[in-house]
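Worksheet for the structure shown next.
Whatever order the structure lists ligands and atoms in, that order sets their numbers, starting from 1. Side chains are part of it too, since the values below use all heavy atoms of this structure and drop only hydrogens, waters and symmetry mates.
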Amino acid sequence: MAHNQEWLDRQERTRWFLQDRFGMFIHWGLYAIPARGEWVRNVERTSVEEYQAYFDEFDPVDYDPRAWARAARQAGMKYAVLTAKHHDGFCLFDSKLTDYKSTKTKAGRDLVAEFLEAFRAEGLKVGLYYSLIDWHHEDFPAHGDLYHPMRDNEAYKRDPSTFGSYLDYMHGQVRELLTNYGKLDLMWFDFSYDVMQGEKWRASELIAMMRALQPHIVIDNRLEAGGEGGGSIYTKAPLAYAGDFASPEQIIPPSGVTDEDGQPIPWEACVTLNNNWGYVASDTNYKSPAIVIRKLVECVSKNGNLLLNVGPDARGRIPKQSLDILAEVGDWMALNGDSIYGCGQAELPKPDWGRYTQKGNTLYAHVFEESVGAINLAGLAGRIKRARLLADGSELPVTRPWNAALFEADAFFNFATPVHYTYPLPDAR
Ligand code: FHN
């Protein structure tokens, strides 16, 4: 199929994204103080004055982004995305367009600048999340349940024509981030909805400005797409506004994501480690390392990425439960990362005992169902040159059926580690 220049440009931009496959999402801001999630201001109808108390108090004395970056690197993550501004409008960077920013709190620090420096130093690609919605800016309208505390104040008299001033502010801040903070690899906008999408954000103008400042930057699809669940993959054209990847949330698409021509497109599932994006002290419902690994394998087996979230607390610490899970995932990735990085959907259909990923002419078998009987490779025997267990390099028989018990279950995850085969593909990739 012939491809247009836009398709070719996207292929070039996303080359690193498709290689890296696994990233860290970081939701952090004033909402870490109430510790009831990043939507606390909306859900609890917090007044401007009440929320201002959090601004006056914010001072993350334990913020050590280099430690965050080491945890991400050791988990096998290759990129990271930090909330530069979430829906509450609080800026973790030294914007010249507002005083509602971290450098005006007791912290007195540009938290974004420190994040970028630390993660680059640990060799990770860096991205920023930027909320299109802004409950603090007086010219952002309240729609439906997008409660806007400024709008609910008696004194607030908004002239509908002033929404343009919010867009000028939003575009101005994106310009600041792409001008004052060095090379950014990724921009994660969030989120569009029925009355606000595409040109309502002046998306074409915004994208043109971004491409002029940082032509290589990878951009998600939420200048057009919604958030929650599949909202970002069932739009008419998942990448309508020059987005480079679709962004399913908390779900993994049944069979990857394709564009309106049925062509596979880059996508990334963003998933929380417990049930919340922002820090919630009481939320101890964490996913096990095994579940995280299976989600990562499933994403890659369908040509996708996994962006796994952590929510640091008000002192600036990633919760210990999160760190422990990331460390165990990292142990597995250290031995099996070859079956993830640069891999994608296999030529073969999904086997009943697990999933395949593939890179070039190397097939990786992720054996999840140890209960299954012998894994019969007879159908492949003629096409497999050799089989090895990734975890220890040991040879696996190719000619006779294997019994799942052959695969040493990894003590951490209680399921077998993947093996790789090498077999000639009908057409070299
Ligand atoms: O409303 C946000 C939510 O707080 C969080 O940032 C997620 C993460 O992708 N995005 C939106 C919900 O879809």
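Screening residues 283-321 for ring pair (Phe, Tyr, Trp, His ring centres under 6.0 Å) gives no qualifying pairs among residues at least two apart or on separate chains.
Between Tyr356 and Ala346 the shortest heavy-atom distance is CB-CB, 3.5 Å.
Using a 4.0 Å cut-off to heavy atoms of Phe191, the atoms of ligand 1 that qualify are 1 (O), 11 (C). For ligand 1, the atoms closer than 4.0 angstrom to any heavy atom of His86 are 3 (C), 4 (O), 5 (C), 6 (O). Interface atoms of ligand 1 facing Trp188, defined by a heavy-atom separation under 4.0 Å, are 9 (O). Under a 4.0 Å criterion applied to the non-hydrogen atoms of Tyr129, ligand 1 contributes the atoms 6 (O). Counting the atoms of ligand 1 from 1 in the order shown, those under 4.0 Å from a heavy atom of Cys270 are 9 (O).
A search for ring pair (Phe, Tyr, Trp, His ring centres under 6.0 Å) contacts involving Phe189 returns nothing, not counting sequence neighbours.
A salt bridge links Glu249 to Arg222: at least one charged side-chain nitrogen sits closer than 4.0 Å to a carboxylate oxygen.
Under the 3.5 Å distance criterion, with hydrogens and angles disregarded, a donor-acceptor pair is assigned to the side chains of Ser165 and Asp139.
Between Phe191 and Trp39, the ring planes lie parallel to each other; the angle is under 30°, not in the 30° to 60° tilted range.
Below 3.5 Å of separation, one finds an N or O of Trp39 facing an N or O of ligand 1. Inclusion of His87 in the set of residues having an N or O under 3.5 Å from an N or O of ligand 1 is warranted.
Which of Gln250, Arg222, His27 comes nearest to atom 5 (C) of ligand 1 through a heavy atom is settled by distance: it is His27.
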